[in-house]
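First the structure, in the form of structure tokens, and then the observations on it.
Position 1 is the first residue of the sequence; numbering continues from there.
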Amino acid sequence: MDTYREALEWIHSLLKFGVKPGLKRVEWLLERTGNPEKKIRSIHIAGTNGKGSTVEYIRSIMNEAGYSVGTFTSPYLISFNERVSLNRIPISDEKLLHYVRIVKPLVEEVALTDLGSPTEFEVITVISLLYFADKQPDIVVYETGLGGLYDSTNVITPILSIITNIGFDHMGILGETLKEIAFQKAGIIKQDVPVITTADQTEAREVIQLKAKEMNAQNYFLDRDFSIEHIESTNSGERFIYTDTENKKSMEFDISMMGTHQIKNAGLAVASVKFLTRAHRFEVSLSAITDGLRKANWAGRFEKVSHSPDIIIDGAHNEQGVAALKQTLNNHYGEKRIFLLFAALEDKAYATMLQDLVSVIYEACFTTFDFPRAASAEQLLRESPLGNSYSISSWNKALQHIKDQLQKDDVLIITGSLYFISEIRKTFHNLE
């Protein structure tokens, strides 16, 4: 293995092994690489939506407080390396190649056993742990890939577990009911490790509370131990009040990521950082929280990539995400003509997702992109509940067709799949 490109191609070649729930392969690899997971201090985040944004809020706050922060996120929007970042700087090509050279022979070895070949996600999890064990940041924030209980990131023992929310996604793997899905997410709760959550459904909260009790884990819930109140949507983002229920102390914060759903993610980050401060794990001032929240910015989350007319990309890839997108569009663009460019994976309930947008979309164009599980443009159009719509298979042509129609006050929202917006985002320059 001589080049970064070869290393990346090898990692991607493991994608064909798909999703393999269970930790045995990762544990096998970690044992043979010196158990790097035991050499880092971490926070673990699971949930249906909002994981990436919550990671970013925590990173930004902790960086403002002077701490070094590693992050493990997925999928990527700009470059593969960003999945493993230190203080928002992705792992270098040279470092990734270095760790692939270490891991590849072991992957080939375990593939010959009854455990079978590790997946792409399992391998990048192991690489991230090796990298952070060497770099030794003050804290590493790990985002689960799928679920929690059997997710390959669940090999870590964090100082804090976080569950953002529970919704219907990946039901073929995680379960058909909120209770079943919550059980999978709550699988990240470890013995004596506190957990904080913004899950708001009674059945999901009951599952999390039961698991926390079983693991002797302190638990903190939205609207019981802390509360969040939206004040207003502004031209630059959202304003909200965070309140500690115990001492009734309220604080007002501004965030630049748009959408009232983002105040939940920001509030969850505040609750988490304040808990770690009370536990004397870190020292984080109110000004670090304030500045960190305001500066936090997560690519692909209602991200404006062009102005006059406004073009926005958003990673709404399930029903909950689309509901949040609709509310954000109403809050910020309620009086404007809103055009939609949409592509999705075929295993998503896109007909149900789109139903929520019927009242806000002026015209919709369906397209597709180069990805193994991408639905065809025609398939999306056939199942669409949106009236004024059509399909163009080439997303480049579809994008240009819509742009040619847009007037200065119109809005174009591009959404449906994080993988899709990762691809389309490259056409908009000077974003970073």
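- Side chains of Asn87 and Asn63: a donor on one and an acceptor on the other come within 3.5 Å.
- Between the side chains of Ser68 and Asp138, a donor-acceptor pair is found at a separation under 3.5 Å.
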Steps toward side-chain contact (heavy atoms from CB on, under 4.5 Å) verdict (Ile139, Ile159): CA-CA 9 Å; Ile139 190 73; Ile159 60 172; 3.8 Å; yes
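- The shortest side-chain heavy-atom distance between Gln405 and Arg337 does not fall under the 4.5 Å cut-off.
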side-chain contact (heavy atoms from CB on, under 4.5 Å) evaluation trace for Val155 with Glu27: CA-CA 7 Å; Val155 293; Glu27 290 170 343; 4.0 Å; yes
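- Considering only heavy atoms from C-beta on, Leu286 comes within 4.5 Å of Phe253 through its side chain.
- Within 6.0 Å of atom OH in Tyr333, more than 12 heavy atoms from other residues, nucleotides or ligands are found, so the atom counts as buried in its surroundings.
- The distance from atom NE2 of His44 to atom OG1 of Thr144, rounded to the nearest 0.5 Å, is 5.5 Å.
- The main-chain N or O of Gly300 is found under 3.5 Å from a side-chain atom of Glu303 such that the two form a donor-acceptor pair.
- A donor and an acceptor atom, one from each side chain of Ser53 and Gln262, are located under 3.5 Å apart.
- A distance of 8.5 Å separates CG of Leu130 from NZ of Lys39, quoted to the nearest 0.5 Å.
- Few gaps surround CD on Gln191; more than 12 heavy atoms of other groups in view lie less than 6.0 Å from it.
- Side chain of Asn154 to backbone of Gly187: a donor-acceptor contact under 3.5 angstrom is found.
- The environment of CZ in Phe183 is sparse: at most 12 heavy-atom neighbours from other residues, nucleotides or ligands sit within 6.0 Å.
- One finds the OG1 atom of Thr415 at 6.5 Å from the CD1 atom of Ile421 (value rounded to the nearest 0.5 Å).
- With respect to the salt-bridge test (charged N to carboxylate O, under 4.0 angstrom), the residues Lys179 and Glu206 do not qualify.
- Between Ala186 and Ile163, the shortest heavy-atom distance links the atoms CA-CD1, 3.9 Å.
- Here the closest non-hydrogen pair linking Val107 and Val123 is CG2-CG2, 3.8 Å.
- When all heavy atoms of Ala65 and Glu283 are compared, the pair lying nearest together is CB-O, 4.1 Å.
- No donor-acceptor pair under 3.5 Å is formed between the side chain of Ser256 and the backbone N or O of Ser236.
- Asp225 CG to Thr197 OG1: the interatomic distance, rounded to the nearest 0.5 Å, is 11.0 Å.
- Looking at heavy atoms from C-beta onward, Ile58 lies out of side-chain contact with Ile61 at the 4.5 angstrom threshold.
- Between the side chain of Glu238 and the main chain of Gly259, a donor-acceptor pair closer than 3.5 Å is present.
- Side-chain N/O atoms of Asp404 and Gln400 include a donor and acceptor closer than 3.5 Å.
- A donor atom on one side chain and an acceptor atom on the other are found under 3.5 Å apart for Thr153 and Asp151.
- A donor-acceptor pair under 3.5 Å links the side-chain atoms of Ser272 to the main chain of Leu268, judged by distance alone.
- With 3.5 Å as the limit, one finds no donor-acceptor pair spanning the side chains of His261 and Gln327.
- Annotation: side chain of Val126 is not in contact with side chain of Glu122 (no heavy-atom distance under 4.5 Å).
- Atoms NZ and OG1, on Lys190 and Thr157 in that order, are 5.5 Å from each other to the nearest 0.5 Å.
- Not one N or O on the side chain of Gln184 forms a donor-acceptor pair closer than 3.5 Å with the backbone of Ile181.
- Aromatic ring orientation, His332 versus Phe302: tilted (interplanar angle from 30° to 60°).
- Within the 3.5 Å criterion, the main-chain N or O of Asn297 finds a donor-acceptor partner in the side chain of Glu56.
- Between Thr125 and Tyr142 the shortest heavy-atom distance is O-OH, 4.2 Å.
- Side-chain contact between Gln201 and Ile166 is present, with at least one heavy-atom pair separated by less than 4.5 Å.
- In this structure, the side chain of Lys295 does not engage the main chain of Asp291 through any donor-acceptor pair within 3.5 Å.
- Proximity of Phe275 to Phe226: side-chain heavy atoms (C-beta onward) are nowhere separated by under 4.5 Å.
- Checked by atom type and distance alone, the side chain of Thr164 pairs as donor or acceptor with a backbone atom of Asn49 at under 3.5 Å.
- Rounding to the nearest 0.5 Å places CZ of Arg205 at 7.5 Å from CG of Asp200.
- Within the 4.5 Å cutoff, side-chain heavy atoms of Leu77 are placed close to those of Arg301.
- Looking only at atom types and distance, the side chain of Arg224 has a donor-acceptor partner in the side chain of Asn219 under 3.5 Å away.
- Within the 3.5 Å criterion, the main-chain N or O of Gly292 finds a donor-acceptor partner in the side chain of Ser60.
- For CG of Asp370, the number of neighbouring non-hydrogen atoms (other residues, nucleotides, ligands) closer than 6.0 Å is 12 at most.
- Annotation: side chain of Phe420 is in contact with side chain of Ile414 (closest heavy-atom distance under 4.5 Å).
- Using a 30° and 60° split on the angle between ring planes, Phe371 and Phe369 fall in the parallel class, below 30°.
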Verdict with supporting geometry, Phe72 and Phe121, ring pair (Phe, Tyr, Trp, His ring centres under 6.0 Å): CA-CA 11 Å; Phe72 180 78; Phe121 190 77; 5.7 Å; yes
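- Other residues, nucleotides and ligands contribute more than 12 heavy atoms inside 6.0 Å of the CZ atom of Arg278.
- Taking every heavy atom of both residues into account, Leu354 and Leu386 meet most closely at O-CD2, 3.9 Å.
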Working for side-chain contact (heavy atoms from CB on, under 4.5 Å), residues Ile289 and Tyr242: CA-CA 12 Å; Ile289 295 174; Tyr242 173 91; over 6 Å; no
Trace of the side-chain contact (heavy atoms from CB on, under 4.5 Å) decision for Phe282 with Arg41: CA-CA 12 Å; Phe282 298 95; Arg41 184 159 57 167; 3.6 Å; yes
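- For the 3.5 Å distance criterion, the side chains of Tyr362 and Asp410 fail to qualify, holding no donor opposite an acceptor.
- Considering all non-hydrogen atoms of both residues, Phe339 and Ile402 come closest at CB-CG2, 4.1 Å.
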